[in-house]
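Note sheet for the following structure.
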Amino acid sequence: MADEIKLPELESRNFIHAFIEEDIAPGGQYEGMTVHTRFPPEPNGYLHIGHCKALTIDFGTAEKYGGLCNLRMDDTNPTKEDEEFVEAIKEDIHWLGFDWGDRFFYGSDYFEEDYRQAEGLIKKGLAYVCQLTPEEFKEYRGGVGVPARSPWRDRPIEESLDLFHRMRAGEFPDGAMTLRAKIDLASGNFNMRDPVLYRINHLPHHRHGNTWCIYPMYDFAHPIQDALEGITHSLCSLEFEAHRPLYNWVVEHCDLPSKPRQIEFARLGIDHTVMSKRKLRRLVEEGRVSGWDDPRMPTLCGLRRRGYTPRSIRSFCERIGVAKSANIVEYGFLEHCLREDLNETARRVMAVLRPVKLTVTNYPEGKTETVTVENNPVDPAAGTREVCFSRSLWVEAEDFLEAPVPKYKRLYPGGPECRLKGAYLIRCTGCVKDQAGNVTEILCEYDPESRGGDPADGRKVKGATIHWVDAATAADAEVRLYSDLFTDPDPDAADKDFIDCLNPNSLEILTGCKVEAALADASAPANFQFMRLGYFCLDSKDAAPGHLVFNRSVSLKDSFKK
RNA sequence: AGCGGGUUUGUGUAAAGGUAGCACAGCAGACUCUGACUCUGUAUGUGAGGGUUCGAAUCCUUCACCCGCUGCCA
């Protein structure tokens, strides 16, 4: 069962809604009918965030109008599809919180019906068996202003019917013949130039084994599947726009229980990100990433490992809107959506990434005490935890500067009073350096009257609050620095291979960039991801999901430096 | 070239002839036990020209530019 994911109510209304409302209004094509949609992934790869946009539209539209959305594996081409992907796809969709109930289907389960419909078309003289070889087919296809040709177009119905039966019976090798719709060889829309309806392919199907050796094309199978399932609105991406006339042709000429309508929308683009399934597949196959769930991938399972929450991804997809113009959303917006969610839900733990020793010189040697820190300042219900404090601590190296820059309000000799989060107020008194001039130890004095972080006299603290960990009790942790497979420049714009556009930093990180980290909370999980913009995220592949928030930021631009 | 689409601020998206709004990013402040979060303020936009109208992002028209299609893939 899918997890319930609560999203804020959005006043969303887009052009698809406008079409649908026309359709179901009095006098409309679907007056009085319930709107039904479907999400039809092809099981030939893993789902990525672009699919979440489609999911959001498909499920969201059905829900908005009180209908249902089916999940249907679009598996009409056995060359690429595999059962491996079916389960992964279902898992990812459930992870996002979408629920198809008991309406899970396979396009291939309609093969018999597809076949029957094809026979019907032949009998009506609307389809014929064409014996052009693939090479001839290409040659005879024509061009702009030049009609296509097929010498088999006017073959008698009985002959086509017979050949079609024998195609199914396996009498012919791959590519020997096809079943084509008889539409318009001169159409300016190439999809209407007698499109192929069936091709021969002697390849076992992942579900039907060797039952079939002819398989219906998407353009033929899809409208039939939609109609059979009672889908009223078949929402798909823009590249199918030119196929809509063919979709309508099939709906019109086949013997179907309903007449679904196809509406297209623009697919999601995100800057600096590789999104096409073809490219993602190549990254996996060439071993440039560890798998489909490599944390740098924009796949749902990759994002999951990087610590993205389902809610944040859904929120993102809700808020980017739906239109027909090409769009490239800034990656920063995705991050905003994550931050927004994490800020409310992530349990905080103090951690130090690039540690430098800090000694509280006036704190008794050998003494230890525990202080209380809240687990999530914006959610008191998250409770508090006890953290060990002593004379010797680790703090972030960047929290100290020997010579301060303007507006710097952290530690420097003679600087402002700062707060060690949840512990005491301190004042920096100096530092110790090695021969090379590197700071090896920060020295400070604390105010014993400020236990818990608040001064006894209620004075304002000018400096920043600094996170820290106790040197003696800190747990070592391996922190993995992940970034996306950011590309620069845009992989689609350049005429070079997108592999050459990948951010070299993210490739380097693949080898396992380890950063020493000490965790204040000894019970904290030992396996973290460090996300840009200041979040630690637990690698949910190895342990239960969770997040730790860190208080420094790194921007996208920084990921290209060095 | 033929067919099909598209064009609202840096990005995404609203405005169904009637104040061009929202979110993110930016900038400037305030607040804060995370330089986070939150809050406040602020700059930037209807591709171009003509027409209809009291009034046009919206309707008409001409043009410009951008994208998709020419698999026996989906």
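Only heavy atoms go into these numbers, but all of them, side chains included; no hydrogens, no water, no symmetry mates. The chains referred to below are lettered A, B, ... by the order of the sequence lines, with proteins before strands, and numbering in each begins at 1. Since the structure is predicted, the reported quantities are computational estimates derived from the model, not experimental observations.
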Complementary nucleotide of [N], counting Watson-Crick and G-U pairs under 3.5 Å:
N: B/rC39; answer: B/rG29
N: B/rU9; answer: none
N: B/rG68; answer: B/rC3
N: B/rG55; answer: none
N: B/rA15; answer: none

Phosphate OP1/OP2 of [N]: any [X] side-chain N/O under 4.0 Å:
X: A/Arg339; N: B/rU38; result: no
X: A/Ser325; N: B/rU13; result: yes
X: A/Lys460; N: B/rU32; result: yes
X: A/Arg13; N: B/rU13; result: no
X: A/His467; N: B/rU34; result: no
X: A/Arg244; N: B/rG68; result: no

Roughly how many Å is it from [atom1] in [X] to [atom2] in [N], rounded to a whole number?
X: A/Glu340; N: B/rA36; atom1: CD; atom2: P; value: 16 Å
X: A/Glu374; N: B/rC37; atom1: CD; atom2: P; value: 16 Å
X: A/Arg410; N: B/rA36; atom1: CZ; atom2: C1'; value: 12 Å
X: A/Glu264; N: B/rA74; atom1: CD; atom2: P; value: 18 Å

P atoms of B/rU38 and B/rU70, separation to the nearest Å: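 So the two P atoms sit 46 Å from each other.
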For [X], report the nucleic acid contact type (base, sugar-phosphate, nothing); a contact means any heavy atom under 4.0 Å.
X: A/Ser237; answer: nothing
X: A/Gly143; answer: nothing
X: A/Met217; answer: sugar-phosphate
X: A/Tyr408; answer: base
X: A/Tyr215; answer: nothing

Where A/Thr37 and A/Asp58 come nearest, the two heavy atoms and their spacing: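 Smallest heavy-atom distance, with atoms named: OG1-O, 2.7 Å.
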Where A/Arg199 and A/Pro216 come nearest, the two heavy atoms and their spacing: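 Looking at all heavy atoms of both residues, the closest pair is NH1-O, 2.7 Å.
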Residues touching RNA chain B, which here means a heavy atom under 4.0 Å, drawn from residues 45-52 of chain A: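 Those residues whose heavy atoms fall under 4.0 Å from RNA chain B, taken from residues 45-52 of chain A, amount to none.
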Interface with RNA chain B, restricted to residues 72-86 of chain A and to heavy atoms under 4.0 Å: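 Per residue number, the list reads A/Asp74, A/Thr76, A/Asn77, A/Lys80.
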Under-3.5 Å donor-acceptor pair between A/Glu330 side chain and B/rG10 base: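 Side chain to base: pair present.
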A/Arg267, CZ: over 12 other non-hydrogen atoms inside 6.0 angstrom: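 Not buried by this count: 12 neighbours or fewer within 6.0 Å.
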First encountered from the 5' end of RNA chain B, between A/Val144 and A/Asp174: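 Its nucleotide being nearer the 5' end, the pick is A/Val144.
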Nearest-nucleotide 5' precedence on RNA chain B, A/Ala423 against A/Phe15: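 Looking at RNA chain B, the more 5' nearest nucleotide goes with A/Phe15.
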Main-chain N/O of A/Met217 paired to A/Thr76 side chain as donor or acceptor, under 3.5 Å: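 No, A/Thr76 side chain to A/Met217 backbone: no donor-acceptor pair under 3.5 Å.
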